[in-house]
Amino acid sequence: MKTLTVLGSTGSIGTNTLDVVRHSRHLYQVYALVAGHNVEVLAAQIVEFRPKIAAVATSEGLARLSNRLVEAGLPRAEWPELLCGSAARVQAATASEVDTVISAIVGVAGLEATYEAVCLGKRVGLANKEVLVSGGKLVMDAVREHQAELLPVDSEHNGAHQCLRAGNRQQVSKLILTASGGPFRNTPKEQLALVTPRQALKHPTWRMGNRITIDCATLMNKGFEVIEACWLFGFAPSEVDVVIHPQSTVHAMIEYSDGSVLAQVSATDMRMPIQYALTYPDRQPAPVPKINWAEARQWEFLPPDFEKFPLLKLAYQCQEAGGSAACTLNAADEIAVEAFLEGRIGFLSIYEIVSETLTRMPVRTPRTIEDILEIDRESRTLARDSLRLYAAV
Ligand SMILES: NC(=O)c1ccc[n+]([C@@H]2O[C@H](COP(=O)([O-])OP(=O)(O)OC[C@H]3O[C@@H](n4cnc5c(N)ncnc54)[C@H](OP(=O)(O)O)[C@@H]3O)[C@@H](O)[C@H]2O)c1
C-alpha cells in the first residue's frame with residue numbers, strides 16, 4: 001500500500017489523483033492533502049479520504065477550513081492536523097510516513113516541498129512543471145544524489161518515459177513532444193491581438209487549471225515541456241522536437257538511432273499518467289476509457305508555427321542559455337498570464353512582457369532553492385514593471 005501526500009489536491013491534477021485513489025482504495029492511503037484557497041473542495045476531500053494532515057496557503061484559509069469542517073459535521077476527534085503556509089507544505093511532503101508525493105501545486109509555490117521530498121529519496125509524481133523549469137539543475141542533482149524516483153505526470157513526459165523503457169537510452173536520437181496546438185491553431189496571426197481570455201480558456205482537448213490552459217494557447221506550455229524534458233531525460237534542446245497533433249492521443253514519441261519511432265498512445269485523460277506514476281513499474285486497470293480501435297479515426301501531425309507562437313522559441317533559447325533564464329521565463333509568464341486573464345493586457349502582450357523581462361533580468365547561477373525563489377521574485381517585479389507599459393496601451 002502506498003502512503004500519499006497530494007500537493008495541490010484541489011486542482012485539476014489533484015482531484016484526478018484522488019479519483020485514481022477512489023477507484024483503488026486497497027492500494028493507497030492518503031496521509032496529507034495540501035491546497036491553496038479552495039477550502040470547500042478540501043473539506044469534502046478531508047471527509048472522504050481522512051488524511052492525517054491538511055494544509056492551506058494562509059491562516060485566513062485555515063479559519064475558513066475549520067468552519068467548513070464544523071458545517072460538514074465531522075467530529076473534532078476525527079479532524080486531521082490543520083496547518084498553513086510554506087512550512088506546512090514541506091512538512092506534508094517530507095513526513096516519514098509518506099512514500100509518494102504527487103506534486104501538483106501550480107507555480108513555484110510547489111518547488112520547495114517537492115525538492116525536500118526528493119532530498120529524502122521519496123517517489124515524486126511530478127505534474128508541477130515549474131519545479132523543473134525554475135529549478136531543473138538543483139532538483140535533478142538532488143534526484144541523483146538521494147536516489148529519488150521522479151516520475152513524470154505531465155502526459156507527454158509520461159509517454160516519453162514509457163517509450164524509453166523499450167530501448168537503450170544511449171541509442172535514442174530524438175524525443176518528439178506532441179501539442180494539441182491550442183484553441184488558436186487555426187486563427188490567423190493578425191487576429192490573435194483581439195482574442196479574449198474566454199476564448200483562450202477553451203482548450204480543444206484537455207480540461208486543466210487556468211494558467212496551464214492559457215500557456216497551451218500561447219504554446220508556452222509546450223516550451224516549458226521542452227525544458228522539463230531536457231532535465232528529466234538528459235536531452236539537449238536540439239534533441240527535442242515539437243509536433244502539433246490536434247487529437248492529443250499520441251502523447252510523445254521516441255526516435256531511436258536506427259530511425260525507428262515508438263509512440264505512447266492512450267485516452268486523453270490525466271488519470272492515466274497519474275496512475276502510472278503511482279504504480280510504476282507495475283500497471284493496474286485504470287479508471288480511464290480504452291481507445292476503441294473499431295471507431296474510424298484520423299491523426300494529424302503538423303509542424304509548429306514558431307512565428308505565430310514565439311514563446312515556444314523563447315523556451316528553447318532559455319534552455320540553451322542555462323542558469324536562471326528559464327526561471328525568469330516562468331515567473332514573467334505567470335505575471336503576464338494573470339494580467340491577461342484579468343483583462344489588463346492583450347494576448348500578444350504576454351510574449352512582449354516575457355521577452356522584455358528576459359532582456360532586463362541578468363542570467364545568474366542559482367545554487368539553492370532560496371536563490372531560485374529570489375530570482376523568481378526579482379523576475380516578477382520586473383515583469384510587473386513591464387506590465388504597466390503594456391497595460392496602458
Ligand atoms: N491539469 C493538467 O492536465 C496538467 C497536465 C500536465 C501538467 N500540469 C501541471 O500541474 C500543475 C497543476 O495544474 P492544474 O491544472 O492541476 O492546476 P489547478 O487546477 O490550477 O490547481 C492548482 C493547485 O495548486 C494549489 N495551489 C495554488 N497555489 C498554492 C499555494 N500557494 N499553496 C498550496 N497550494 C496551492 C491550488 O489550490 P486551490 O485551488 O485550493 O487554491 C490547486 O490545488 C501545474 O504546474 C500544471 O502545469 C497540469
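As the structure lists them, so they are numbered: ligands from 1, and atoms in each ligand from 1. By convention here, the first residue in the shown sequence is residue 1. Computed over heavy atoms, backbone and side chain alike; hydrogens, waters and symmetry mates excluded.
- Ring-plane geometry between Y316 and F306 is classed as perpendicular, the angle between the planes exceeding 60 degrees on a 0 to 90 degree scale with a lower cut at 30.
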Before giving the answer on side chain to side chain contact (heavy atoms under 4.5 Å, CB included), spell out for L111 and E130 the whole-Å C-alpha distance, their side-chain angles and the decisive distance to 0.1 Å. CA-CA 8 Å; L111 174 61; E130 296 88 346; over 6 Å; no

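- Those atoms of ligand 1 that come under 4.0 Å of a heavy atom in I13, given as number and element, are 1 (N), 2 (C), 3 (O), 4 (C), 5 (C), 10 (O), 16 (O), 48 (C).
- Of all protein heavy atoms, the one closest to atom 39 (O) of ligand 1 is T10 OG1, 3.3 Å.
- E239 places a side-chain N or O within 3.5 Å of a backbone atom of A236 that can act as its donor or acceptor partner.
- Using a 4.0 angstrom heavy-atom cutoff, R89 counts as in contact with ligand 1.
- Backbone and side-chain nitrogen or oxygen atoms of S12 are examined, and one is located within less than 3.5 angstrom of a nitrogen or oxygen of ligand 1.
- When only interatomic distances are considered, the shortest N/O to N/O separation between G36 and ligand 1 falls below 3.5 Å.
- Looking from atom 41 (O) of ligand 1 to the surrounding protein, the closest heavy atom is H37 N, 2.8 Å.
- One N or O on the side chain of T58 and one on the backbone of G61 form a donor-acceptor pair closer than 3.5 Å.
- Looking at S155, A35, G8, A57 and measuring to atom 33 (C) of ligand 1, the nearest heavy atom belongs to A35.
- Nearest protein neighbour of atom 46 (C) of ligand 1, counting heavy atoms only, is I212 CD1, 3.8 Å.
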Please test D385 against R360 for salt bridge (charged side-chain N to carboxylate O under 4.0 Å, His left out), starting from the C-alpha separation and ending with a verdict. CA-CA 11 Å; D385 205 40; R360 292 174 64 197; 2.9 Å; yes

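- Using a distance-only test at 3.5 Å, with no hydrogens or angles considered, a donor-acceptor pair links the side chain of N158 to the main chain of P152.
- Between the side chains of Q45 and S9, a donor-acceptor pair is found at a separation under 3.5 Å.
- Residue contacts with ligand 1 for A104 involve N, CA, C or O but no side-chain atom from C-beta outward (heavy atoms, distance under 4.0 Å).
- A salt bridge links R364 to E378: at least one charged side-chain nitrogen sits closer than 4.0 Å to a carboxylate oxygen.
- Counting only heavy atoms of the protein, atom 22 (C) of ligand 1 lies nearest to V106 CG1, 3.7 Å.
- At least one N/O-N/O distance between N38 and ligand 1 falls below 3.5 Å.
- One side chain, K129 or N221, offers a donor N or O that lies under 3.5 Å from an acceptor on the other.
- Regarding atom 5 (C) of ligand 1, its nearest protein heavy-atom neighbour is M270 CE, 3.6 Å.
- For a threshold of 3.5 Å applied to N or O pairs, the pair formed by E130 and ligand 1 contains at least one separation below that value.
- Under the 30°/60° scheme for interplanar angles, the aromatic rings of F235 and F233 are found to stand perpendicular.
- Checked against a 3.5 angstrom limit, the closest N/O atoms of A109 and ligand 1 fall outside it.
- Here the CD-CD1 distance, from E334 to I350, works out to 12.5 Å after rounding to the nearest 0.5 Å.
- Backbone and side-chain nitrogen or oxygen atoms of G107 are examined, and none is located within less than 3.5 angstrom of a nitrogen or oxygen of ligand 1.
- At a 3.5 angstrom cut-off on N or O pairs, G11 counts as close to ligand 1.
- Close approach of ligand 1 to G209 is summarised as follows: ligand atoms under 4.0 Å from at least one heavy atom of the residue are 15 (O), 17 (O), 18 (P), 19 (O), 20 (O).
- Contacts with ligand 1 closer than 4.0 Å are made by heavy atoms of both the backbone and the side chain of I105.
- What sits closest to atom 47 (O) of ligand 1 on the protein, heavy atoms only, is K129 CE, 3.2 Å.
- Protein heavy atom in closest approach to atom 10 (O) of ligand 1: A127 O, 3.3 Å.
- Of the inter-residue distances, the one linking D376 atom CG with S134 atom OG reads 6.0 Å to the nearest 0.5 angstrom.
- Neither side chain, T178 nor H251, offers a donor N or O lying under 3.5 Å from an acceptor on the other.
- Side-chain rings of F347 and F184 approach one another, their centers coming within less than 6.0 Å.
- Close N/O approach between D154 and ligand 1 is not found [any backbone or side-chain N/O within under 3.5 Å].
- The shortest N or O to N or O distance between G14 and ligand 1 is not below 3.5 Å.
- Under 4.0 Å from ligand 1, heavy atoms of M208 appear from its side chain as well as its backbone.
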